[in-house]
Amino acid sequence: MPTVSSSMISTVEYNESSSELTIEFVKGGTYVYRGVPKFVYDGLLSAASVGTYFLDNIKNKYNFQK
């Protein structure tokens, strides 16, 4: 899993064949978000603020499983 520079998120991983984004949070918990397009993952990795990008573009927008 790639490590990102964020006070909220420690690692992210994307499975392009299943469009699943796995996010491990600093305070605990790993979530798998389903149906995430690759451009959203790419945007997360290149965002100036990974946490803000997550809140604006992923949280509450995709189904997930903890």
Colleague: Could you tell me if the side chain of Tyr31 sits less than 4.5 Å from the side chain of Leu21, heavy atoms only?
Modeller: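 No, too far: nothing below the 4.5 Å cut-off.
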Colleague: With a 4.5 Å limit on heavy-atom distance, are the side chains of Val26 and Ser10 in contact?
Modeller: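 Yes; the side chains approach each other to less than 4.5 Å.
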Colleague: Atom CD1 in Ile23, atom CE in Met8: separation rounded to 0.5 Å?
Modeller: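 Rounded to the nearest 0.5 Å, the CD1-CE separation comes out at 9.5 Å.
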Colleague: Would you call the rings of Tyr33 and Phe64 parallel, tilted or perpendicular if under 30° counts as parallel and over 60° as perpendicular?
Modeller: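 It falls in the tilted class, 30° to 60°.
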Colleague: Is any side-chain heavy atom of Thr22 less than 4.5 Å from a side-chain heavy atom of Thr30?
Modeller: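 They are in contact (side-chain heavy atoms under 4.5 Å apart), so the answer is yes.
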Colleague: With side chains defined as the heavy atoms from C-beta onward, is the minimum distance between Tyr53 and Ser46 less than 4.5 Å?
Modeller: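 No - every pair of side-chain heavy atoms lies 4.5 Å or more apart.
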Colleague: What are the two closest non-hydrogen atoms of Gly51 and Ser6, and how far apart are they?
Modeller: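 Answer, listing the atom of Gly51 first, then Ser6: N-OG, 4.0 Å.
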Colleague: Would you call Lys61 and Val40 a side-chain contact if the rule is heavy atoms closer than 4.5 Å?
Modeller: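 The answer is no, as the side chains (C-beta and beyond) never meet within the 4.5 Å cut-off.
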Colleague: Closest heavy-atom contact between Pro37 and Tyr62?
Modeller: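 Smallest interatomic distance, heavy atoms only, reads CD-OH, 3.3 Å.
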Colleague: What's the shortest heavy-atom distance between Val4 and Ile9, and which atoms?
Modeller: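 Distance-wise, the nearest heavy atoms are CG2-O, 3.5 Å.
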Colleague: If hydrophobic clusters are built from ILVMFWY residues whose side chains come within less than 4.5 Å, do Val32 and Leu55 share one?
Modeller: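 They do not share one cluster, since no chain of ILVMFWY contacts under 4.5 Å joins Val32 to Leu55.
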Colleague: Do Glu24 and Thr11 meet the criterion of a side-chain donor-acceptor pair at a distance under 3.5 Å?
Modeller: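 The answer is yes; a qualifying pair exists.
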Colleague: Please report the C-alpha distance between Asn57 and Leu44 in whole Å, then the side-chain angles of each, then the deciding distance to 0.1 Å, and finally whether the side-chain contact (heavy atoms from CB on, under 4.5 Å) criterion is met.
Modeller: CA-CA 9 Å; Asn57 298 284; Leu44 181 68; over 6 Å; no
Colleague: Under the rule for side chain to side chain donor-acceptor pair (under 3.5 Å), what residues qualify as partners of Gln65, not counting sequence neighbours?
Modeller: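 For Gln65 the side chain to side chain donor-acceptor pair (under 3.5 Å) partners, ignoring immediate neighbours, are Arg34.
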Colleague: Tell me, with the steps shown, if Tyr14 and Ser19 meet side-chain contact (heavy atoms from CB on, under 4.5 Å).
Modeller: CA-CA 7 Å; Tyr14 185 70; Ser19 298; 3.8 Å; yes
